[in-house]
Each structure stands twice: as structure tokens, then as C-alpha cells.
Amino acid sequence: MATEATMKKPPRRWHIGVFLLPAFLIYTAIMILPLAGTLQFSLFRNIDQHQTFVGLENFRTLFGDPRWADGFWNALYNNVIFFIINMLVQNPVGILLAALLSSSKLRFSAFYRTAIFVPTILSFVIVGFAWKLILSPLWGVAPDLLNMIGLKSLFSPWLGMEKSALVTISLISVWQFIGIPMMLIYAALLTIPDEVIEAAECDGITGMSQFWKIKLPLILPSIGIISILTFVGNFNAFDLIYTAQGALAGPNYSTDILGTFLYRAFFGFQLQIGDPNMGAAIATMMFLIILVGVGIYLFFVQTRLRRYQF
Amino acid sequence: MSRATSSLPRTVAAHAVLIAYTVIALFPVLVIVINSFKSRGAIFRTPLALPGPQTFDLIGYATVLSQGNFPLYFWNSLVVTVVSLFLVLLFGAMAAFALSEYRFRGNTLMGLYLALGIMIPIRLGTVAILQLMVASGLVNTLTALILVYTAQGLPLAIFILSEFMKLVSADLKDAGRIDGLSEYTIFFRLVLPLVRPSMATVAVFTMIPIWNDLWFPLILAPAENTKTVTLGAQLFLGQFVTNWNAVLAALSLAILPVLILYLIFSRQLIRGITSGAVK
């Protein structure tokens, strides 16, 4: 190829620029520059109607002023729990469902696949509100259901109680997004060649041990991608909490995560006036958290994953 | 699992687990839709029963259609989604073609630069995006949303499509070049039709978050005539929170169009995903 190119000495290849330019321009103007702008904005503060450079002053306020710091640490803590529940429930259950679906002789698998993916296509508004109604003690759906299996005494308004609200919201998020790990793992399992599976069977490795010893190592890269998608998605979440619990992420901020905290800082709520500079500072912290997480993944996990080519 | 392992108890267990999860996945949706057709009393008395002749009532739908401006919201959502999707697919495919087809200086760097957006959510740039839109007078226009969603969709689209375009046979393209086709004709006439299945996958992955987004409509275009259906439903639900008929009807109206679209495209989606790129 290289020698060919030098032999022909092609003229300037304008078409490369033409192909790249629209995507490059829109992406740079609407995504990269605003991200950079937000980072920069976090170093300024509005003093006497003028944006004045204040260095790291906003971050000092964020971590030093208890009114901000408490909120931030609370949101970060909740966000970590939110992420852990998503990782521990959504991904293993998604993998289990995908493993069951990928058995070649299973009937109705197209139906199951389609049905289980339905919550993923619904908007947060629907999901948040639908669950709010279903779990509401005003409407008897959840207590009635528990009554049917004789567990009515277990019911309580989970979304309304400080102790259980965050776990409940996390599980609703799991319910909504389980389709994504399921689909991606399902696709990965289908790409494992039959010869590999047949060879395993010849060696007497079947059923569960076949899954653990043969299939799981082969789909580890996909599990890695799912984990990182879950991480980025969870630390960027906002909509579900906003629709189910409101911008105040009640009760008593027990479901407040970084996304809702950013929203309140930026736009204000009730008695507090919105402060774009503090919003930018929080967005910068979220940016750093995501960057560190992705970095850890890329350097410590990605490089150790073994990929197999068939 | 193949023949050797597909014993009866195992199959039954697999079906049991899948049926159980299917019920969990569909139950909330069904409860909402079923109850939206019932009278207020029946909603509370027998929430789990199907609407019968005595309990059937469309009052909720009547309220929604008379109160909310839903046809307009729906139209706004449709315009924003379709136009952004078109731009993401067109510009994304063009950039993916440039990156996968040509060797030029900075190719890898450009690829990495464009992939950055997969990991970093555009939402974190909201503060500056809002300022940008205010400065250019685009607040409360659908254009603002379309621009943001196009930028948001491009990184993943470019990443997936360039993986697929690497698979298009080089001989075919070279044959086209020998026949004197321009690079543009090769792209639009030869390559694009061949990557159609992967375009469908990208389309679904791009479309769902755009249609469902609440953040940017709330911040960039909250005016009455630019509200999207997601934002409109959110505000409507907030106002009518005690009118259960209306709330359930509004939720059902928001669910059904997406559900129908999904059922139409689900075959394409599975084929696209399982054909390779998103491994």
C-alpha cells in the first residue's frame, strides 16, 4: 500500500477533509469547546456583574463550605451506592438472561428478548412515574401483589422512606437498563464459534462448567465494556431521580446523586439562587471522577483482558 | 447449549427464569396501560383487573387531549429525533469512511479525538452550551436541540460505523476507482448500501436517548411551542398529579408510539447487534 501511494503521488486529497469536516465541526463546537468552557468557567465567579478569575476559589467553597460540602459528599456517596447496586444486580442478571437466551434450541427466544428489552426503550418520565404510581401506598397495586403471595406485611412506601428510597431507585434503574447488558452479552455469546463449544463438549465440559470455563472467559471483554458503560451512565444519571423524586431528590436528599446536585446548583431551587459557576465546578468534579474511572479501567483492566480471535 | 446439554429439566428451568423476568419487565407497563382505560373508581378498587363493560372509561384520554398540547409536542419530538438522526448517520458515516478508508497523517489522533465523546457525557458541558445557545439566539428553538443531539450521537456512530466499514471489501472499492468513480460516488453508491444493517443499529442506539431525553429540552427549549413529548409529559404529570385517569392516559400515550416503533425495528436491531460491531 505504502509503495503504491508514493508511486502514484496523488494530488491533495480534498475529499478526506470533506468527509471529516461536518462531523469534526459540530463535535468540536457543541461538545469539546463547551466541555472546555465548563472547565474554564469553574475558575471564575460573578463579582459585581463581572466574571472574575478566582482560581480554585469555587472548589474551596465546594469542599470547604459545609452547605456545599455536605451536599456534595452526600451526592457522591449516594452515587457510589447507586453504581454498586447497578453493577451487582443489573450486570449479573443481564448475563444470566443472555446465557439462557443464547441456548440454540430454546423456543420463543425472540419473544423473550423483545419483551425484556422493552423497559430500556421507555423514557425516564414514563419509568419514573409508572413506578412511583405502582409503589404508591395510595394505589393498591404493590400491596395487592404482595398480598397474593402472602407477604402483605412487607409492604411499605419504599420510595418515600429515607432508608429504602435509594435502593428502590437503583433497582428501578436496573429494571430499566437490564436490556443493554443482556443484548451486548447475547451478541458476544453468539459470536463464539460452534467448534469451540463442540470441542468443549468432546472433553466432557457441559452445562454450568461450560459456561464458567469456556464462555465466560471469552465474553470478558464485553463484560468490561458493559461495566464502563454502566459507570459512565450512572455517574451521569439525573432523569430517573428527577422524574421519580423531583429536583430535591427526596426524602431529605436521600436519593441525591451528582446529576441532581449539579442541576440544583446550576438552576437553583426554592430559596437558593442558581449559580452557574458552582454548577461548572461540580460538573468539573464529575468530569474528573469519570476520567479517573475510565482511566483506571483502560490502564488496569483493559490491558489485562485477553482477546481471542477465531 | 447444544444437544448434549438440552435435557428437559434444564429447558424447563430456563423457560421459568425467562418467563419470570419477562413478567417483571412487562408488568408495570401493562398495569399502566390497562388502568388507563378504566374509570376512576375501578382504578383504585381493582387495579389488577382488565377493564370490563362496567369499568371501561376513556375520561383520562379525553382530559389529556383537551388539556395538553400533545400533538405539537409529539411533532417537536419527531422533528428533533428524525433530523438529528439523519445528521448523525450522514456525518458519522462520512467521518467513519474517511477514518477507515484513507491513510493520512493524524488519522489515529483524529479517531481518538472523535472517540473521546463516547466516554465523556455531553451533559457536563451544559453550562457552556447554554451560554453558547443564548449568545447565538438559539434558546427555545428546535435547532439548539438538534445541534446538541447531533454532537452527542456522533462519537459512538463514528466508532461503530468505522469498525463495519473496515469489513467492506477493498477490491470492490478499487474496482469502482478503476471504473473512474469519484470517492464520493464510491462512498454513497457502494459503501453506504453495504453497511445498512450497522446503520440500523446505530440508528436505534442514537434514537432512544434523543427521544427520551429530559435534560436538554428542560434547559435549552422549555417554551410551550418547542416542548418535546418527554418534557410535555413530565410537566403534565406534575400538574395533574391527582387526576389518576389523566396521568395514566398520558403515560400510555407516551408509551405506545415508542413501543410500536420498537416492535417494527426490533428485528433489524437484533440483526445489527449480532452481526458484529458492538462486541
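Hydrogens, waters and symmetry mates are skipped; everything else that's a heavy atom, side chains included, is used. Proteins come first, then strands; the chains are lettered A, B, ... in the order of their sequence lines, and each starts at number 1.
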Check: B:R123 main-chain N/O paired with A:N236 side-chain donor or acceptor under 3.5 Å: no
Heavy-atom distances under 4.5 Å only: say whether B:M207 touches chain A with side chain, backbone, both or neither. neither
Stepwise side-chain contact (heavy atoms from CB on, under 4.5 Å) test for A:T114 and B:L263: CA-CA 8 Å; A:T114 312; B:L263 291 178; 3.8 Å; yes
Ring-ring centroid check B:F91 A:Y27, cutoff 6.0 Å: no
Is A:I134 in contact with chain B via its backbone, its side chain, both, or neither, using a 4.5 Å heavy-atom distance? side chain
Part of B:L231 within contact of chain A (heavy atom distance under 4.5 Å): neither
Contact part of A:L39 toward chain B, heavy-atom cut-off under 4.5 Å: side chain, backbone, both or neither? neither
Distance-only donor-acceptor pairs under 3.5 Å for side chains of residues 18-36 of chain B, two or more places apart:
from, atom 1, to, atom 2, distance (Å)
B:T22, OG1, B:L18, O, 2.6
B:N35, OD1, B:K38, NZ, 3.2
B:N35, ND2, B:V31, O, 2.8
B:N35, ND2, B:P47, O, 2.9
B:S36, OG, B:V33, O, 2.6
B:S36, OG, B:Y61, OH, 2.8
B:S36, OG, B:S252, OG, 3.1

Region of B:L114 in contact with chain A, defined by heavy-atom distances below 4.5 Å: both
Could you walk me through whether A:D239 and B:D213 pass the side-chain contact (heavy atoms from CB on, under 4.5 Å) check? CA-CA 8 Å; A:D239 311 58; B:D213 189 38; 4.0 Å; yes
Taken to the nearest 0.5 Å, the spacing of A:T38 OG1 from B:Q131 CD works out to 8.0 Å
Roughly how far, to the nearest 0.5 Å, is the CD1 atom of B:I255 from the CD1 atom of A:I126? 5.0 Å
B:R103 CZ to A:R13 CZ distance, which is reported to the nearest 0.5 Å: 10.0 Å
Would you indicate whether the side-chain heavy atoms of B:L214 and A:S123 approach each other to under 4.5 Å? no
For the CD1 atom of B:I208 and the CD1 atom of A:I180, what is their distance to the nearest 0.5 Å? 7.5 Å
Might you work through the side-chain contact (heavy atoms from CB on, under 4.5 Å) test for A:F129 and B:Q234, ending with a clear yes or no? CA-CA 9 Å; A:F129 219 87; B:Q234 163 74 15; 5.6 Å; no
Could you tell me whether a side-chain N or O of B:N212 sits under 3.5 Å from a main-chain N or O of A:I121, the two making a donor and an acceptor? yes
Given a strict heavy-atom distance threshold of 4.5 Å, which part of A:F231 is in contact with chain B: side chain, backbone, both, or neither? neither
Please lay out, stage by stage, how B:H15 and A:Y112 fare under the test ring pair (Phe, Tyr, Trp, His ring centres under 6.0 Å). CA-CA 9 Å; B:H15 277 287; A:Y112 293 133; 5.8 Å; yes
About how many Å separate CD1 of B:I120 and CE of A:M31, when rounded to the nearest 0.5 Å? 7.0 Å
Contact part of B:W244 toward chain A, heavy-atom cut-off under 4.5 Å: side chain, backbone, both or neither? side chain
If you round to the nearest 0.5 Å, how far is CH2 of B:W215 from CG of A:L262? 4.5 Å
Which atoms of A:L96 are under 4.5 Å from chain B, going by heavy atoms: the side chain, the backbone, both sets, or neither? side chain
Atom group of A:F111 that falls short of 4.5 Å from chain B, counting heavy atoms: side chain
Toward chain A, the part of B:Y184 with a non-hydrogen atom under 4.5 Å: both
Heavy-atom distances under 4.5 Å only: say whether B:L132 touches chain A with side chain, backbone, both or neither. side chain
Run the side-chain contact (heavy atoms from CB on, under 4.5 Å) test on A:L35 and B:L124 for me, step by step, so that the C-alpha distance in whole Å, both residues' side-chain angles and the decisive distance to 0.1 Å come before the verdict. CA-CA 6 Å; A:L35 276 173; B:L124 297 184; 3.8 Å; yes
Contact class of B:V247 relative to chain A, heavy atoms under 4.5 angstrom: side chain
